[in-house]
Protein chains: 2
Amino acid sequence: MKLQQLRFLAAVAQTDLNLTAAAAKLHTTQPAVSKQLKLLEEELGVSIFVRNGRAFTKITPAGERVVMYALRLLREAQNIKGVSQEFKDEEQGALSIGTTHTQARYVLPAVIRQFREKYPDVEFHLHQGALEHLAEMAQLDRIDFAIATGSQDLFRKCVLLPCYQWHRRIIVPADHPLAHVKQPQLEELAAHPLVTYVFSFTGPSSLQETFAAAGLRPKVALTARDSDVIKTYVRLGLGVGIVAELALDPKDDADLVSIEAAHLFPVHTTWIGFARGGLLRRYMYDFIHLMAPHLTRRVVDLAAVCGSQEEVNALFANIQLPVR
Amino acid sequence: MKLQQLRFLAAVAQTDLNLTAAAAKLHTTQPAVSKQLKLLEEELGVSIFVRNGRAFTKITPAGERVVMYALRLLREAQNIKGVSQEFKDEEQGALSIGTTHTQARYVLPAVIRQFREKYPDVEFHLHQGALEHLAEMAQLDRIDFAIATGSQDLFRKCVLLPCYQWHRRIIVPADHPLAHVKQPQLEELAAHPLVTYVFSFTGPSSLQETFAAAGLRPKVALTARDSDVIKTYVRLGLGVGIVAELALDPKDDADLVSIEAAHLFPVHTTWIGFARGGLLRRYMYDFIHLMAPHLTRRVVDLAAVCGSQEEVNALFANIQLPVR
DNA sequence: TACAGTTACGGACCGCGTAAGCATA
DNA sequence: TATGCTTACGCGGTCCGTAACTGTA
């Protein structure tokens, strides 16, 4: 059993069992992968893949378990390399972050600016994408951190730490009937077509449910993944916008009237997640700390050794998170 | 970075940094180890060992961490092999158990007889030793299970599951003054020299403390690791014996008078421990179940995913254990 | 002088890449 | 015919064992 064989195995398992594609990703040739997988299976004495003729159709039950342990093994290998580089140079390395539009656009710029000042030699990668996209990248270890809001279910292999909370605000053009209502009720809101986030309609704290609980069925004019898109369509008069408070800029959005909505909708929590069992470099701790001052190294370590996300949540149950 | 290099590293770290000895244990030559370690250090870019001239004197801080991850990696490698064999043949493999005298002599024979009937093809190894000895073997992954009573502190890397509880009994020759006392008090006991286990004098539930709490300082004639030794010296009239109830055989020990002592001393719990993160084969689950019927596969799995021994203990806090 | 680690060197092995073969859609 | 896995083969690298060397008790 060689490390490389396990790397091959992991790549194939993560590439829909396509050896050719896996080989390309591994910067090697397809016969090499083919042969090593066969050797590995021979050595272990079990079939890892179900072959239909020459095609790899699926993974056997034994294979599932082998792949699981192989992934954990490879993570430890990563940890060894990571800890070595940590001791070689604490301020060099790479940091890949996956996040959603709102964070990337409104929150992270300030954080990243500070981070880059402190660690100019750390290579920084920012990937923006939908939640499902982020979950997949986290799963494949393509990103060190995922930063997002809402549903934790997709990130089963990650430790998710709450960073801060935020409220929604209602935005309308200055000439809109709601523009002068200070504390609109759900009924008033439901009378107008809405423009809001796609993700606001999934998960436990969805708008849908809030309205439904009040016996209302709002009309949705448009959903977007992107606050700027929502603002644009609100400006066009398409409907009443519901956006994150932190996505509103006093200057740039001065033409829109924004109305408090904290009394209508539940609060949202933005979290940062990293692979359970992954090594955190010093600059990674620092990045987390920049994102959320209450997440000190000690707190992060405490959460990292938790066996499940429920434990982590319990850890933060009584903590007052910053609101932005 | 090669698997072999990590195996070499682990062996050296576990052999007092003696390359020659490590090489012997690995069935290879010393220059091979020497070279691979050097290559590993070069690749990682950190010194793992502190060299004094040519002698390896200690492990660097970076080395400590690397070794830690390497051990975890090697465990996953073991798991891969284990799970493969599990699928090849559920009833073949090996089981190494380390335990103390009392368990080996009075409890395990029945368990092992049943186990061997069920799994005749599993190679069975039983190692008897002192608690510290067992802890070391567990640390080095030389045994799959450790079975012992009392102090859990030495087994930090293990998950310890409570199996059953037992009380001490007092044993005296038939002509001893205490022979006719039904419920002796600590004062009466302290009036005679005692013969008991060495380990009874360490840990939180020690005899020492029980007597001290009553303001007494008993005279100890002899301590042994072995119930049979204690009985022998009690027969010789050396003193009053305090032994585990389960070490008394109605037939063989008919010449001794045994007296209830549950009212005097706290109860003892015998546990079975295995490496956290280690793979449990089917026959291993079955062995545990034979040891303690309440430890079903489900319960064991539940405990195995706990992050700390405290969690495990909490899991069993409300369980009524069998007493033997 | 015994012991422990390093250096040097030759041979065996192994893993990769190229190229040709062979199924399936 | 195109795609994708397998087999065959040769090259280059690597790892190990032997042996000679070096520093230390």
**Q.** Side chains of A:Leu3 and A:Leu73 in contact at under 4.5 Å (non-hydrogen atoms)
**A.**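 In short, these two side chains touch, coming nearer than 4.5 Å.
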**Q.** Gap between atoms CD and C1', on A:Glu41 and D:dT6 respectively (whole Å)
**A.**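 Result: 13 Å.
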Q) Can you check the B:Leu26 CG to D:dC16 P distance for me, whole Å? A)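 Atom CG in B:Leu26 sits about 10 Å away from atom P in D:dC16.
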Q: Using a 4.0 Å heavy-atom cut-off, write out nucleotides 3-18 of chain C from 5' to 3' as B (base contacted by protein), S (sugar-phosphate only) or - (no contact).
A: -SBBB-------SSBB
Q.
Cation-pi check for B:Phe56 against B:Arg51: NZ or CZ below 6.0 Å from the six-membered ring centre and within 45 degrees of the axis, yes or no?
A.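 Here B:Arg51 passes the 6.0 Å and 45° test against B:Phe56.
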Q. Sub-3.5 Å donor-acceptor pair from the side chain of A:Arg281 to the main-chain atoms of A:Val83, do we have one?
A.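 No; zero donor-acceptor contacts below 3.5 Å.
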Q.
How long is the straight-line distance from CD of B:Glu64 back to CD1 of B:Ile48, given to the nearest 0.5 Å?
A.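 So the gap between those two atoms works out to 11.0 Å.
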Q: Answer yes if the side chains of B:Glu123 and B:His125 hold a donor-acceptor pair under 3.5 Å, and no otherwise.
A: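 A pair is found: one side chain offers a donor N or O, the other an acceptor, under 3.5 Å apart.
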